[in-house]
Number of protein chains: 2
Amino acid sequence: MKAVVRMREAGGGRIRQQQESAILQAAERVFARGGFQGATMAEIAREAGLSKSNVHYYFGTKADVYRAVLANILRLWLAETDRITAEADPRDALSHYIQAKMRLSAQRPEASRVFANELLHGAPEIGNFLRETLREQVEDKAEIVQGWVQAGRIAPVDPVHLFISLWALTQTYADFEVQVCAVLGRRALGTLDHRRATAHVLNLVLRGCGLDDEGGRTEIAREGQDA
Amino acid sequence: MKAVVRMREAGGGRIRQQQESAILQAAERVFARGGFQGATMAEIAREAGLSKSNVHYYFGTKADVYRAVLANILRLWLAETDRITAEADPRDALSHYIQAKMRLSAQRPEASRVFANELLHGAPEIGNFLRETLREQVEDKAEIVQGWVQAGRIAPVDPVHLFISLWALTQTYADFEVQVCAVLGRRALGTLDHRRATAHVLNLVLRGCGLDDEGGRTEIAREGQDA
DNA sequence: CTGAATCCTGACTATTTGGTCAGCTTTTAT
DNA sequence: ATAAAAGCTGACCAAATAGTCAGGATTCAG
């Protein structure tokens, strides 16, 4: 029997696939905790269950690991704008986008934090991505939103600033989780907290865009206390 | 003539006052650039125009400098909630708060970034402040907002999540300035950008709280291009 | 003016950490 | 089976950096 599948999938054999993935997973956690400078190769190696030398075998330098982690995250980050089209119902499109971003904050907080940290320190590594890929995408989507505004389908808002606001509103639950926990009096955010947060952001933004919130309300209201 | 004033104002003589202030100012910039781990005592010293040893003379350790910087920032952070009272007009109170926070983002972005960085990495230094002082203040103010909601003076919103949203919406312009610049196609944020951003956030939040935006619109609309 | 307190410095140390390397072990293709 | 390729390791090194210290310079009270 011959494993005819993927002799080359992004380079390397069976073992390489496995180890690189383990390293990147560990690195995401470690970079999220301490940022680029705060992370050490030794810690990444330990967290991945490998020797430091072995990590260096797969990724030459710490910067290489970091860039690989960021590349993964950027893919996540760009996704989920497909529902935002000129023909779409603004309410559906925005709801979908917000929910997707909130899901990301809840499920991949470390990824969000690595990204936030990179931005916070001036985006030395992904500056070009921001200025090129991201900017183009936002320009496209902003044009669509502008169309909605001109057609009177949503209240007048600055489309680009709207996207900035959506990012801020959703990512804050991942990036600044400690602060959120502190003011909510929670030790950690549970699924109920995330549902409440999502409901709140939807509520605020939809109404803020003149899309009054009917429906989808009931399923939120029937929740009890947190676990 | 005898300088009868301040023989002791937070400890120390004339020179000490001056040097400590210089160090803290420099440190805020340096910590904002690289976070705690990314900052070096040598860089702080250079930026302050002192020798490294001299910085150690005034502040024993790097952690001491960091804590002092944070203490300064926290004072800024807590301020500006005084207009939020049960009797106040919700529109005025929220507008004032948002404008104050936006001003802070524009004028002290480094302070905001140091704070953001501390949160991002789990608030090891200010965790107690968040859980005690901040939490109490938010609890108080949230009760007031809840009162507004029950009196039908603003649309139903979760008060605590509203504050979280306000922080996110306003600080994003300081913390993630690179990203904002990138999608706006600017090299840096000018006063016009900040005015537009403020108008947008006010617009979104006030409408989101059911406080329809009349007045204050015109003075925004008449601006031209950026400098 | 003078002695004490404060201020300041350059040289030094201990530690941490990213990265290298020679060589050993395991896997794999034929 | 075997040889080559891929995977792995511990010992080691050089650079960076927080913090120390003995002693010199400056300021200040009286």
Side-chain angles (χ1 to χ4, degrees), chain A residues 1-24 26-27 29-31 33-70 121 124-125, chain B residues 1-24 26-27 29-31 33-70 121 124-125:
Chain A
M1 270 160 252
K2 186 180 288 184
V4 85
V5 247
R6 76 169 89 71
M7 180 51 208
R8 284 240 147 202
E9 186 185 302
R14 198 182 92 261
I15 296 176
R16 189 171 203 103
Q17 291 287 323
Q18 160 61 29
Q19 304 292 59
E20 285 188 351
S21 153
I23 292 170
L24 291 179
R29 279 197 300 273
V30 176
F31 283 128
R33 275 206 293 272
F36 179 76
Q37 314 252 15
T40 71
M41 291 299 268
E43 199 182 350
I44 292 171
R46 191 163 38 74
E47 195 105 351
L50 302 174
S51 73
K52 185 163 79 89
S53 308
N54 207 8
V55 175
H56 276 289
Y57 172 71
Y58 288 105
F59 296 89
T61 70
K62 183 161 104 162
D64 289 339
V65 183
Y66 184 62
R67 273 188 288 267
V69 168
L70 278 179
H121 299 120
E125 221 56 70
Chain B
M1 273 158 246
K2 186 179 289 184
V4 86
V5 247
R6 78 168 88 71
M7 181 49 209
R8 284 239 147 204
E9 185 186 301
R14 196 184 93 264
I15 297 176
R16 188 171 202 101
Q17 291 288 322
Q18 160 60 30
Q19 304 290 60
E20 286 188 352
S21 153
I23 292 169
L24 291 178
R29 279 198 300 275
V30 176
F31 282 128
R33 275 205 293 271
F36 179 77
Q37 314 252 14
T40 72
M41 292 299 270
E43 199 181 351
I44 292 171
R46 190 162 39 75
E47 195 104 351
L50 302 175
S51 73
K52 186 162 79 87
S53 307
N54 207 8
V55 175
H56 276 289
Y57 171 72
Y58 288 105
F59 297 89
T61 69
K62 184 162 103 163
D64 289 338
V65 184
Y66 184 62
R67 274 188 288 266
V69 169
L70 278 179
H121 298 121
E125 222 56 70

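Per chain, numbering begins at 1; letters A, B, ... match sequence-line order. Owing to the predicted nature of the structure, the values given are computational and were not obtained by experimental measurement.
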For this session: Give the nucleotide from the list D/dG19, C/dC21, C/dT6 with an atom nearest to the side chain of A/Ser53.
Result: C/dC21

Problem set entry | A/Tyr58 side chain, from C-beta outward: closest of D/dC28, D/dC8, C/dC8 | D/dC8

Exercise. Hey, is the side chain of B/Arg16 poking within less than 4.0 Å of OP1 or OP2 on C/dT6, counting only N and O atoms?
Worked result: no

Problem set entry | From C/dT9, C/dC8, D/dA6, nucleotide with atom closest to B/Ser51 side chain | C/dT9

Exercise. Parallel, tilted or perpendicular: which describes the rings of A/Phe31 and A/Tyr66, with under 30° parallel and over 60° perpendicular?
Worked result: perpendicular

Exercise. Rounded to the nearest Å, what distance is computed from the NE2 atom of residue B/His56 to the C1' atom of nucleotide D/dG19?
Worked result: 5 Å

Problem set entry | Sidechain N-carboxylate O distance under 4.0 Å for A/Glu43, A/Arg29 | no

For this session: Could you check how far CG of B/Asp64 sits from P of D/dA18, rounded to whole Å?
Result: 13 Å

Exercise. Can you find a pair of side-chain heavy atoms, one from A/Lys62 and one from A/Arg67, that are under 4.5 Å apart?
Worked result: no

Exercise. For the pair made of CZ in B/Arg46 and C1' in D/dT17, what is the distance, rounded to whole Å?
Worked result: 14 Å

Exercise. Is there side-chain contact between B/Tyr58 and B/Val65, with heavy atoms separated by less than 4.5 Å?
Worked result: no

For this session: Can you tell me the distance, in whole Å, between the CD atom of A/Glu20 and the C1' atom of D/dC8?
Result: 15 Å

Seminar exercise, completed: From the candidates C/dT9, C/dG18, C/dT6, the one with an atom nearest any side-chain atom of B/Tyr57 is C/dT6

For this session: Would you mind telling me which residue lines up with the more 5' stretch of DNA chain D, B/Gln37 or B/Ile15, judged by nearest nucleotide?
Result: B/Gln37

Exercise. When we call it a touch if two heavy atoms are under 4.0 Å apart, what does A/Ala63 touch: a base, just sugar-phosphate, or nothing?
Worked result: nothing

Seminar exercise, completed: Rounded to whole Å, OH of B/Tyr66 lies from C1' of D/dA18 at a distance of 17 Å

Exercise. Relative to the 5' end of DNA chain C, which residue comes earlier, A/Gly60 or A/Gly38, by the nucleotide with the nearest heavy atom?
Worked result: A/Gly38

Exercise. Taking only residues two or more places apart in sequence, or in another chain, which ones meet B/Ala42 in a side-chain contact (heavy atoms from CB on, under 4.5 Å)?
Worked result: B/Thr40, B/Lys52

For this session: Please evaluate the base of C/dG19 for a donor-acceptor partner in the side chain of A/Lys62 within a cut-off of under 3.5 Å?
Result: no

Problem set entry | Atom pair distance, as rounded to whole Å: CE in A/Met41 and P in D/dC12 | 21 Å

For this session: Considering just the side-chain nitrogens and oxygens of A/Gln19, establish if one lies under 4.0 Å of OP1 or OP2 belonging to D/dC8.
Result: yes

Seminar exercise, completed: Quick note, B/Arg14 side chain, CB onward, closest among D/dC28, D/dG7, C/dT6 is D/dC28

Exercise. When the distance from CD of B/Glu43 to C1' of D/dA16 is rounded to whole Å, what number comes out?
Worked result: 13 Å

Problem set entry | Length of the line joining A/Gln18:CD and D/dC8:C1', which is rounded to integer Å | 15 Å

Exercise. Which part of the nucleic acid, if any, lies within contact of B/Ala45, taking any heavy atom under 4.0 Å across all strands shown: a base, the sugar-phosphate backbone alone, or nothing?
Worked result: nothing

